Visitor: 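Below are the structure tokens for one structure; questions will follow.
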Amino acid sequence: MNIPSTIAIDGPAASGKSTLAIALAEFLGYLYFDTGVMYRAVTLEAIKSGKTTPGEELCVALAERLVIDVQPPSKEDGRFCDVLVNGADVTLEIRTPQVDANVSVVSAYAGVRKALTKQQRRIGLKGKVVMVGRDIGTVVLPEAELKIYLDATVEERARRRFVERQAEGDSLNSKKVLQAMSKRDQIDSTRQIAPLQPAQDALIVNSDDMTAEQVFTFVKNQIEKNAAHPAN
Ligand code: CDP
């Protein structure tokens with residue numbers, strides 16, 4: 001069987017990338033690696049240093065200096081991994097609305113991308129990995145053997161994010177979630193370096209009318225079909 005060893009999953013916020021990647025990684029026995037946590041960790045540390053709008057120089061220095069680790073979960077609070085920054089657990093802190101609001105600005109800085117892409121590529125090239133982000137198939141691992149671009153309308157994605165955060169106990173306004181998501185989409189897809197876009201050879205999946213399980217089954221079937229008939 002010719003099963004892809006490196007799988008890249010890209011797409012906009014809340015399109016279901018992480019859910020799909022976790023299921024695929026479990027099914028194949030691969031490492032699940034969400035590159036978004038690295039951009040979030042740099043953003044969190046910049047905010048903690050007291051800057052309301054984190055500047056480029058500070059963020060680049062943090063991206064080059066911080067030791068960001070992803071490890072198996074140490075707690076049963078719904079997390080799929082622990083995110084550590086210089087040894088401290090920031091798994092929950094990197095998901096706050098304040099980090100959401102600043103992460104796209106921080107991840108558009110060239111020096112931040114250069115430092116984090118280097119680390120991501122080193123991990124990805126080891127193989128047996130499902131890597132998630134915005135630029136995995138286009139920049140981080142253009143040689144990935146399977147590239148998936150998972151999409152959905154901004155309204156559907158904002159609805160999912162609202163439900164997800166509500167379940168975590170956050171009191172949010174659905175209109176504000178939609179506005180924040182549209183803004184993040186706009187910055188991510190129009191930035192000069194590594195903008196969010198499907199790789200030319202990506203399998204594009206629109207998940208608007210699909211459950212998470214249907215998306216997983218569709219991708220799993222594609223993998224099995226290609227493995228059985230590699231020439232197709
Ligand atoms: O979970 P969600 O889809 O909301 O976001 P995420 O995957 O945690 O990524 C947060 C932000 O990091 C994105 O909006 C991008 O601005 C940035 N990012 C990026 O630029 N490149 C990546 N490979 C991953 C994330």
Side-chain angles (χ1 to χ4, degrees), residues 7-22 32-47 54 59-60 62-63 68 70 78-81 83 90-124 129-142 144 147-152 154 156-165 168 170 172 177-199 202 207 212:
I7 302 179
I9 304 182
D10 292 301
S15 54
K17 303 181 299 290
S18 303
T19 310
L20 171 64
I22 289 163
Y32 158 64
F33 188 77
D34 175 5
T35 58
V37 302
M38 300 183 90
Y39 292 96
R40 287 177 177 273
V42 171
T43 307
L44 174 70
E45 295 305 314
I47 293 170
C59 292
V60 174
L62 287 170
I68 306 167
V70 180
R79 65 177 67 188
F80 292 99
C81 58
V83 181
V90 296
T91 314
L92 300 183
E93 269 181 287
I94 59 169
R95 302 279 163 196
T96 60
Q98 209 189 354
V99 173
D100 274 2
N102 287 286
V103 66
S104 287
V105 172
V106 172
S107 56
Y109 294 145
V112 170
R113 300 209 73 81
K114 195 173 164 205
L116 299 187
T117 298
K118 198 171 152 197
Q119 294 193 44
Q120 292 160 10
R121 207 170 144 68
R122 182 176 47 78
I123 296 166
V129 64
V130 184
M131 197 173 269
V132 178
R134 300 290 187 284
D135 59 341
I136 310 304
T138 50
V139 175
V140 178
L141 287 175
K147 298 176 188 174
I148 295 158
Y149 187 88
L150 194 53
D151 210 351
V154 68
E156 171 59 16
R157 291 184 288 110
R159 189 194 64 76
R160 292 178 193 169
R161 182 53 47 95
F162 178 68
V163 171
E164 185 183 290
R165 292 280 154 96
E168 288 164 5
D170 287 348
L172 290 173
V177 174
L178 176 61
Q179 278 168 356
M181 194 160 284
S182 304
K183 191 168 170 207
R184 194 135 69 88
D185 280 358
Q186 204 248 337
I187 301 176
D188 287 349
S189 48
T190 58
R191 69 182 174 216
Q192 291 215 318
I193 307 162
L196 168 67
Q197 61 184 18
S207 72

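By convention here, the first residue in the shown sequence is residue 1. As the structure lists them, so they are numbered: ligands from 1, and atoms in each ligand from 1. Just so you know, these numbers use all the heavy atoms, side chains as well, and skip hydrogens, waters and symmetry mates. Keep in mind that what you see is a predicted model, and the values were worked out from it rather than measured.
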Visitor: Could you pull out, from Leu116, Asp135, Leu196, Thr117, the option with a heavy atom nearest to atom 23 (N) of ligand 1?
Guide: Asp135

Visitor: For the pair Lys17 (side chain) and Val132 (backbone), establish whether a donor and an acceptor sit closer than 3.5 Å, ignoring hydrogens and angles.
Guide: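 Such a contact is absent between Lys17 side chain and Val132 backbone.
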
Visitor: Quick one: does Met181 get a heavy atom under 4.0 Å from ligand 1?
Guide: no

Visitor: Should you measure from each heavy atom of Ser104, which atoms of ligand 1 turn up under 4.0 Å away?
Guide: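 Within the 4.0 Å cut-off of Ser104, ligand 1 contributes 14 (O), 16 (O).
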
Visitor: For atom 16 (O) of ligand 1, which protein heavy atom lies nearest, and how many Å away is it?
Guide: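 Here the nearest protein heavy atom works out to Asp188 OD1, 2.6 Å.
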
Visitor: Check each heavy atom of Glu164 against ligand 1 and say whether those closer than 4.0 Å belong to the side chain, the backbone, both or neither.
Guide: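 None of Glu164 does.
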
Visitor: May I ask you to decide whether Asp185 forms a salt bridge with Arg161, counting only side-chain N to carboxylate O separations under 4.0 Å?
Guide: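 Judged by the 4.0 Å cut-off on N to carboxylate O distance, Asp185 and Arg161 do not form a salt bridge.
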
Visitor: Please list the nearest protein heavy atom to atom 17 (C) of ligand 1 with its residue and the distance rounded to 0.1 Å.
Guide: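 I find the closest protein heavy atom is Ser107 OG, 3.4 Å.
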
Visitor: Any idea which of Met131, Arg161, Lys183 brings a heavy atom closest to atom 1 (O) of ligand 1?
Guide: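 Going through Met131, Arg161, Lys183 one by one, Arg161 has the nearest heavy atom to atom 1 (O) of ligand 1.
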
Visitor: State if Arg95 counts as touching ligand 1 under the rule of any non-hydrogen atom under 4.0 Å.
Guide: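 It does, in that a heavy atom of Arg95 comes within the 4.0 Å cut-off of ligand 1.
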
Visitor: Looking only at heavy atoms, which two atoms of Asn102 and Ile47 are closest? And how far apart?
Guide: ND2-CD1, 3.9 Å

Visitor: Out of all atoms in ligand 1, which are within 4.0 Å of some heavy atom of Lys17? Include the element for each.
Guide: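 Near Lys17, the atoms of ligand 1 are 3 (O).
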
Visitor: For residues Ser104 and Ile187, report the shortest heavy-atom separation together with the two atoms involved.
Guide: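 Looking at all heavy atoms of both residues, the closest pair is O-CG2, 3.7 Å.
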
Visitor: Would you check if there is a donor-acceptor pair between the side chains of Thr19 and Arg160 at a distance under 3.5 Å?
Guide: no

Visitor: Counting non-hydrogen protein atoms only, what is the nearest one to atom 10 (C) of ligand 1? Give residue, atom name and distance.
Guide: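 Here the closest protein heavy atom is Arg184 NH1, 3.5 Å.
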
Visitor: Should Arg95 and Asp100 count as an ion pair when the cut-off is N to O under 4.0 Å?
Guide: no

Visitor: If you take all heavy atoms of Met181 and Ala14, which pair is closest and at what distance?
Guide: CE-CB, 3.9 Å

Visitor: Does Gln98, at its CD atom, have more than 12 non-hydrogen atoms belonging to other residues, nucleotides or ligands within less than 6.0 Å?
Guide: no

Visitor: What protein heavy atom sits nearest atom 24 (C) of ligand 1, and how far away is it?
Guide: Thr35 OG1, 3.4 Å

Visitor: Counting heavy atoms only, which of Arg113, Arg134, Arg40, Met38 is nearest atom 13 (C) of ligand 1?
Guide: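 Checking each option, the heavy atom nearest atom 13 (C) of ligand 1 is found in Arg134.
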
Visitor: Quick check: closest heavy atoms across Ser207 and Leu150, and the distance to 0.1 Å?
Guide: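 Ser207 and Leu150 have their closest heavy atoms at CB-CD1, 4.1 Å.
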
Visitor: Quick one: look at Ala14 and ligand 1, take heavy-atom pairs under 4.0 Å, and tell me if it's side chain, backbone, both or neither.
Guide: backbone

